[in-house]
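Letters A, B, ... are given to chains in the order of the sequence lines, protein chains preceding strands, and every chain is numbered from 1. Computed from a predicted model, the values in this text were never measured in an experiment.
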Protein chains: 2
Amino acid sequence: MTVDTSTMTLAALDLEDAPSLTIADRLFDQLRQAIVEGEIPAGSKISEPALAARYGVSRGSLREALQRLEAIKLIERRANVGARVVQLSSTELLEIYSVREGLEAMAARLAAERMSDAGIAELKALLERHRQELAHEDWQRYFQQEGDLDFHFRIARGSGNRRLIEILCNDLYHLTRLYRCQFGMKSHRTREALREHELIVEAIAARDGELAEWLMRRHIRASRQATEQQLALITAGHPPSAINGPRVRRPRRPTTRPPATPN
Amino acid sequence: MTVDTSTMTLAALDLEDAPSLTIADRLFDQLRQAIVEGEIPAGSKISEPALAARYGVSRGSLREALQRLEAIKLIERRANVGARVVQLSSTELLEIYSVREGLEAMAARLAAERMSDAGIAELKALLERHRQELAHEDWQRYFQQEGDLDFHFRIARGSGNRRLIEILCNDLYHLTRLYRCQFGMKSHRTREALREHELIVEAIAARDGELAEWLMRRHIRASRQATEQQLALITAGHPPSAINGPRVRRPRRPTTRPPATPN
DNA sequence: TCAAGATGGATTGTCGACAATAAAGACGGC
DNA sequence: GCCGTCTTTATTGTCGACAATCCATCTTGA
């Protein structure tokens with residue numbers, strides 16, 4: 001389920017231009033996965049010598065991978081200080097939803113206008129699989145989440161807009177996965193979400209760009225609201241460990257330091 | 001007129017956290033400006049040893065700057081081959097407009113909801129300056145273009161959405177400047193654009209997010225259409241040097257090579 | 001007792017040299 | 001004369017060591 005999205009093109013059978021993977025490339029993929037899945041805990045400081053030794057590479061290659069992770073906003077770096085894994089606050093999480101709303105609504109419209117018939121058929125097949133998975137509730141908890149992302153992922157690709165695809169699939173996609181792992185959120189509205197997905201696909205199949213855009217916007221807004229409610233419950237319930245308010249600028253003398261990566 | 005946008009925050013007087021600029025930071029800024037303004041021609045190959053010598057830095061620092069340039073899509077790199085400055089095709093240019101439409105429409109809505117009264121006052125003052133500049137036609141050609149970007153820039157910041165701001169101001173902003181320099185486009189609808197800007201600000205001042213969003217979307221679409229028409233004229237007129245069709249995947253044996261940077 | 005400054009330790013930024021890879025040109029076969 | 005293969009050359013990827021910077025602790029004075 002961890003497909004390499006960075007090298008995927010619209011037609012995956014593109015003769016695969018002998019990617020010539022470099023060490024930094026592989027490291028980037030590994031670290032990205034490790035961060036998204038929580039193997040490297042959120043908020044932890046990243047020690048360059050330690051990580052370099054851990055993965056058996058030079059510090060230079062590691063720094064290159066770190067810089068790419070910074071570019072997709074999975075880690076934050078400060079000069080002469082170091083890097084740490086991002087700690088998504090609830091406000092930042094909601095910010096991502098706003099960006100996705102604007103971008104994915106546009107993607108849905110473009111997909112309705114320009115997606116190939118074959119692509120639409122694949123979309124329908126995907127939804128059919130999701131319906132079946134939803135039948136036996138066991139898989140629902142995790143796979144439906146991945147399936148949700150897969151759906152949005154394909155709509156983005158269906159837009160045919162390279163820059164749109166890159167922003168959605170290379171940056172926001174991984175951030176979304178990260179927060180779902182961090183906050184441990186299991187969607188309580190998979191059934192409604194699936195129904196909304198179906199409506200969107202119908203609009204795309206009917207080549208109704210305006211409707212597809214509107215449906216996608218409403219879908220993401222509903223998802224955002226559900227998340228907002230869950231967040232309110234979480235923050236009110238047990239003391240938040242991974243959730244903190246608006247980012248404090250410079251904690252001059254913090255009494256307790258954030259945990260370092262346990263190497 | 002080349003403000004450093006990367007370190008600008010909502011309140012520019014933020015005590016400026018002693019940014020501790022590193023060599024790669026400065027190089028990044030310099031190279032970005034050089035590329036955007038055409039000093040390093042579009043499509044030219046970048047030789048790491050040559051550039052490193054030219055700027056008097058190590059190749060390592062240069063590579064770090066290059067990697068950041070790649071992150072904001074100003075250069076393209078291939079492993080074991082090298083980097084070259086982007087060559088915006090007309091389709092890619094229009095793609096950027098679509099992304100901006102989705103993002104800036106959202107930004108306008110958020111700005112209407114959350115922008116401070118002081119910020120709105122500044123916006124109005126900015127428009128007043130633009131009106132005056134538009135009075136004596138001399139400045140129109142170049143400054144109005146910068147003024148246009150400045151307007152959109154401020155709306156984005158007014159959204160208060162950090163991620164939205166970063167995408168718009170750190171990535172798309174420079175790309176837009178780049179293509180305006182590359183294609184040598186002077187807007188022939190500055191007067192209409194200014195009027196549209198005024199309407200948007202009115203909507204924001206009235207806290208009408210829905211209207212602001214709708215106006216911004218229409219504004220960007222109109223700008224896109226004007227660009228589309230200009231592109232059609234250009235491609236039909238003289239032989240296009242900076243404009244090429246859909247990107248060719250692998251020019252196996254190109255008879256003529258793109259120009260290298262003249263060092 | 002608290003605050004401010006100096007000091008030590010560790011981490012990051014920077015650099016030059018070596019190895020691996022791909023592009024360009026020479027050579028030979030068809 | 002043209003195509004495929006091999007060699008050469010230049011460029012990029014990778015590495016380890018040194019220098020600059022920051023953080024934490026300790027010291028000193030009021």
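Of the residues in residues 56-67 of chain A, those with a non-hydrogen atom less than 4.0 angstrom from any atom of DNA chain D are A:Ser58, A:Ser61.
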B:Gln33 vs B:Glu39, test: side-chain contact (heavy atoms from CB on, under 4.5 Å). Steps then yes/no. CA-CA 8 Å; B:Gln33 181 174 346; B:Glu39 186 182 331; over 6 Å; no

Show, in sequence, the C-alpha distance, side-chain angles and deciding distance for A:Arg32 and A:Ile72, and conclude whether the side-chain contact (heavy atoms from CB on, under 4.5 Å) test is met. CA-CA 10 Å; A:Arg32 184 178 58 183; A:Ile72 64 173; 4.0 Å; yes

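Under the 3.5 Å distance criterion, the side-chain polar atoms of A:Arg157 are left unmatched by any main-chain donor or acceptor of A:Ile165. At distances below 3.5 Å, not a single donor-acceptor pair connects side-chain atoms of B:Arg77 with backbone N or O atoms of B:Ala83. Panel note: side chain A:Glu48, backbone A:Arg59; no donor-acceptor pair is recorded below 3.5 Å.
The side chain to side chain contact (heavy atoms under 4.5 Å, CB included) search around B:Ala71 returns A:Ala71, not counting sequence neighbours. For the side chain to side chain contact (heavy atoms under 4.5 Å, CB included) test, residues two or more places apart in sequence or in another chain that qualify with A:Leu27 are A:Leu31, A:Tyr55, A:Val57, A:Leu62, A:Ala65. A search for salt bridge (charged side-chain N to carboxylate O under 4.0 Å, His left out) contacts involving A:Glu101 returns A:Arg217, A:Arg221, B:Arg109, not counting sequence neighbours. Remark: B:Glu104 pairs with B:Arg100 by the salt bridge (charged side-chain N to carboxylate O under 4.0 Å, His left out) rule, at least two apart or across chains.
Nearest-nucleotide positions on DNA chain D for A:Ala24 and A:Val81 put A:Ala24 closer to the 5' end.
Rounded to whole angstrom, the span from the CG atom of B:Asn80 across to the C1' atom of C:dT21 amounts to 5 Å. Atom CD in B:Glu70 sits about 14 Å away from atom C1' in D:dT12, given to the nearest Å. A straight line from NZ of B:Lys45 to P of C:dA23 spans 10 Å, rounded to a whole angstrom. Note: CG (B:Asp25) to C1' (C:dT12) measures 13 Å, nearest angstrom. Atom CG in A:Leu21 sits roughly 13 Å away from atom C1' in D:dG13 (whole-Å rounding). Atom-to-atom, CD of B:Glu48 to P of D:dT11 comes out at 10 Å; the value is rounded to the nearest Å. Distance, B:Arg78 CZ to D:dT11 C1': 14 Å, rounded to whole Å.
Each end of the helix from C:dT1-D:dA30 to C:dC30-D:dG1 gets its own rotation axis from five pairs of C1' atoms, and the angle between them is 10° to the nearest 10 degrees.
Dashed line: the shortest gap from a side-chain N or O of A:Thr22 to OP1 or OP2 of D:dT12 is not under 4.0 Å. An OP1 or OP2 oxygen of C:dT14 is reached within less than 4.0 angstrom by no side-chain nitrogen or oxygen of B:Arg26.
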